[in-house]
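Worksheet for the structure shown next.
Values reported hereafter were calculated over all heavy atoms of this structure, with side chains retained and with hydrogens, waters and symmetry mates removed.
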Amino acid sequence: MPEKEISLPARRRFALSGLALGAAALAPHGAVAQTAAPAGPAQASGPIVLHGVSPRLTVHALDTFHGAAATGLRIDFSVREGDGFKLLRTVTMNGNGRSDEPLLIGDGYRAGDYELLLHVDEYFARKQSRLPTPPFLSKLPVRIRVANVAERIHLPIQFGPWSYTYSRGS
């Protein structure tokens, strides 16, 4: 018995070719001709410098347990002096999880070692989060060094009841 050639009905071929032409028409002009440049290592460049914006140190705290900004989180901000840390000020994160003012700016922005002490035990207790007692994490120390006072430093901090992470943003 000879094999029969299976072919698409004319209507189906027409519909598929129409879809292909429509997709080509919606693609950005020249998208086919674009080629991606090879990515270099992330360490190849420093932080982004924002022209016209004064150097400063800012922080943004995010609560990963509730999936929201850490509104109301208390942070003690200190500078290293000798063998310990001297409290500069205490800030409370606003509705966006940020301090209302930069932690360091202007003449106060100096090179040195700093610590942000996050009071996450108080934060989760105030939110009435159902967590084990005593909490696994209580006070989270974030220690950083400002080496170049001409650079802007932003600290995004993510935390939950069992872990935290932070990085240097720009």
Side-chain angles (χ1 to χ4, degrees), residues 27-31 33-129 131 134-170:
H29 181 66
Q34 293 177 357
T35 58
Q43 298 82 8
S45 65
I48 298 169
V49 176
L50 301 173
H51 298 286
V53 177
S54 67
R56 63 188 66 195
L57 171 64
T58 56
V59 64
H60 188 189
L62 300 169
D63 171 359
T64 59
F65 186 66
H66 294 101
T71 303
L73 173 68
R74 181 169 63 103
I75 298 178
D76 292 333
F77 181 60
S78 305
V79 63
R80 179 179 286 285
E81 283 191 358
D83 291 337
F85 285 90
K86 175 187 169 193
L87 181 66
L88 294 175
R89 65 185 182 150
T90 298
V91 296
T92 302
M93 300 295 99
N94 64 24
N96 293 325
R98 301 171 187 267
S99 58
D100 289 330
E101 303 278 325
L103 298 177
L104 296 174
I105 192 168
D107 294 336
Y109 190 45
R110 297 188 180 121
D113 295 328
Y114 295 90
E115 178 183 78
L116 292 86
L117 189 64
L118 287 66
H119 296 266
V120 298
D121 52 351
E122 293 173 7
Y123 171 81
F124 285 122
R126 194 170 38 259
K127 290 190 127 333
Q128 300 178 343
S129 301
L131 299 173
F136 181 69
L137 296 175
S138 58
K139 311 281 188 271
L140 304 180
V142 174
R143 293 189 175 167
I144 63 164
R145 174 169 291 146
V146 174
N148 182 351
V149 295
E151 293 178 342
R152 176 175 234 202
I153 298 174
H154 179 69
L155 293 174
I157 302 171
Q158 298 177 353
F159 68 91
W162 299 279
S163 66
Y164 70 107
T165 182
Y166 61 97
S167 61
R168 179 183 173 171
S170 54

**OP:** Measure the shortest side-chain to side-chain distance between Arg74 and Thr90 over non-hydrogen atoms and say whether it is less than 4.5 angstrom.
**Re:** yes
Original post:
Are side-chain heavy atoms of Asp113 and Val79 found at a separation under 4.5 Å?
Top reply: no
Original post:
side-chain contact (heavy atoms from CB on, under 4.5 Å) with Ile157: which of Val59, Leu73, Thr165?
Top reply: Val59
Subject >> Approximate separation, where rounding is to 0.5 Å, of Leu103 CG and Leu57 CG >> reply: 5.0 Å
Original post:
Rounded to the nearest 0.5 Å, how far apart are CD1 of Ile75 and OG1 of Thr92?
Top reply: 8.5 Å
Original post:
Quick one: does Phe124's side chain get under 4.5 Å of His66's, heavy atoms only?
Top reply: yes
Original post:
Would you call Pro141 and Glu115 a side-chain contact if the rule is heavy atoms closer than 4.5 Å?
Top reply: yes
Original post:
Can you find a pair of side-chain heavy atoms, one from Tyr114 and one from Val146, that are under 4.5 Å apart?
Top reply: yes
Subject >> Interatomic distance, Ser78 atom OG to Leu88 atom CG [nearest 0.5 angstrom] >> reply: 6.0 Å
Original post:
Taking only residues two or more places apart in sequence or in another chain, which ones pass salt bridge (Lys or Arg N to Asp or Glu O under 4.0 Å) with Arg110?
Top reply: none
Subject >> Spatial distance of atom CZ (Arg152) from atom OH (Tyr109) [nearest 0.5 Å] >> reply: 9.5 Å
Subject >> Partner set under salt bridge (Lys or Arg N to Asp or Glu O under 4.0 Å) for Lys127, not counting sequence neighbours >> reply: none
Subject >> Shortest non-hydrogen contact between Met93 and Ala70, atoms and distance >> reply: CB-O, 3.2 Å
Original post:
Nearest heavy-atom pair of Ala147 and Ala111: which atoms, and what distance?
Top reply: O-CB, 4.1 Å
**OP:** Would you check, one step at a time, whether the test side chain to side chain donor-acceptor pair (under 3.5 Å) holds for Thr58 with Arg56?
**Re:** CA-CA 6 Å; Thr58 56; Arg56 63 188 66 195; over 6 Å; no
Original post:
Does the ring centre of Phe159 sit less than 6.0 Å away from the ring centre of Tyr123?
Top reply: yes
Original post:
Can you find a heavy atom in the side chain of Leu116 that is under 4.5 Å from one in the side chain of Leu155?
Top reply: yes
Original post:
Do you know the tightest heavy-atom contact between Ala69 and Gly97?
Top reply: CB-N, 3.6 Å
Original post:
Roughly how far, to the nearest 0.5 Å, is the OG1 atom of Thr71 from the CZ atom of Arg126?
Top reply: 10.0 Å
Original post:
If you measure from CG on Leu118 to CD on Glu122, what distance do you get to the nearest 0.5 Å?
Top reply: 11.0 Å
Subject >> Residue pairs passing the salt bridge (Lys or Arg N to Asp or Glu O under 4.0 Å) test where at least one lies in residues 91-107, sequence neighbours excluded >> reply: none
Original post:
Any side-chain heavy atom of Lys139 within less than 4.5 Å of one from Asp121?
Top reply: yes
Original post:
What are the two closest non-hydrogen atoms of Ser54 and Ile105, and how far apart are they?
Top reply: OG-CD1, 3.7 Å
Subject >> Beyond-backbone contact of Phe85 with Leu117, side-chain heavy atoms, under 4.5 angstrom >> reply: no
Subject >> Polar side-chain atom of His60 near backbone of Asn96 as donor-acceptor pair, under 3.5 Å >> reply: yes
